[in-house]
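Note sheet for the following structure.
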Amino acid sequence: MAVLPVTKLGNPILRKKCNPVMDFSILPQIVEDMFDTMYEAEGIGLAGNQIGLDMALCVIDITHTEEDGVPHVFINGEILERTGEYLMEEGCLSIPDVRFEFNRAERVRFRYQDMEGNTYEDEFDGLLARVIQHEMDHLNGNLIIDHVSKLVRMQHRKQLREIEKTEKSLLAVK
Ligand SMILES: [Zn+2]
């Protein structure tokens, strides 16, 4: 078990489009660490670049809700289609204590691989579709702050600057 530090706003890896996973043999340890890290941080989803890995994978667990019964690992995911729209407030482990309300698609058609490299195509809706879109944003270098207006970002400017400053000082030490 390893709980890893979560990369925060200001870390350049969060702005990178992550590379596809090619070597599936290294996944079991990485995925275990990602679940440990996500549970410790009390998150419901975590993307590879949030633990500093340039790898297109994410873990999701919304089993605390009635909506879904199992945790998920999605490798090399791609959203093929988005339909509907709904408004919800979202937070992000990489931008602590900041929440924004914005629209995302209600339903997605999603193609992904499992840890053995098998390819699937499924439809997801509700909270799971929401979290998939959030994690796919991460793996494409996007963040929740990109979904809100400049005005809304300005309202949180102090908090956002503080997170960036802390992250950059941590990076400078490394
Ligand atoms: Zn996030």
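Whatever order the structure lists them in is the order used to number ligands and atoms, beginning at 1. This chain uses plain numbering: 1 for the first residue, then up along the sequence.
Pairs engaging residues 47-66 under the ring pair (Phe, Tyr, Trp, His ring centres under 6.0 Å) rule: none recorded [sequence neighbours left out].
The environment of E42 atom CD is sparse: at most 12 non-hydrogen atoms of other residues, nucleotides or ligands sit within 6.0 angstrom.
Qualifying side-chain contact (heavy atoms from CB on, under 4.5 Å) partners for Y120, counting only residues two or more places apart in sequence or in other chains: Y112, D114, N118, D122.
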Please tabulate, one pair per line, all N/O donor-acceptor pairs under 3.5 Å involving side-chain atoms of residues 68-80, not counting sequence neighbours.
from	atom 1	to	atom 2	distance (Å)
D68	OD2	H72	NE2	2.7
H72	NE2	V70	O	3.3
N76	OD1	V21	N	2.7
N76	ND2	V21	O	3.1
N76	ND2	Q113	OE1	2.9
E78	OE1	R111	NH2	3.1

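Near the Zn ion (ligand 1), less than 2.8 Å away, sit the protein N, O or S atoms C92 SG, H134 NE2, H138 NE2.
R99 has no carboxylate O lying under 4.0 Å from a charged side-chain N of E90, or vice versa, which leaves the two without a salt bridge. The pair R109-E81 meets the salt-bridge criterion, since a charged nitrogen lies less than 4.0 angstrom from a carboxylate oxygen.
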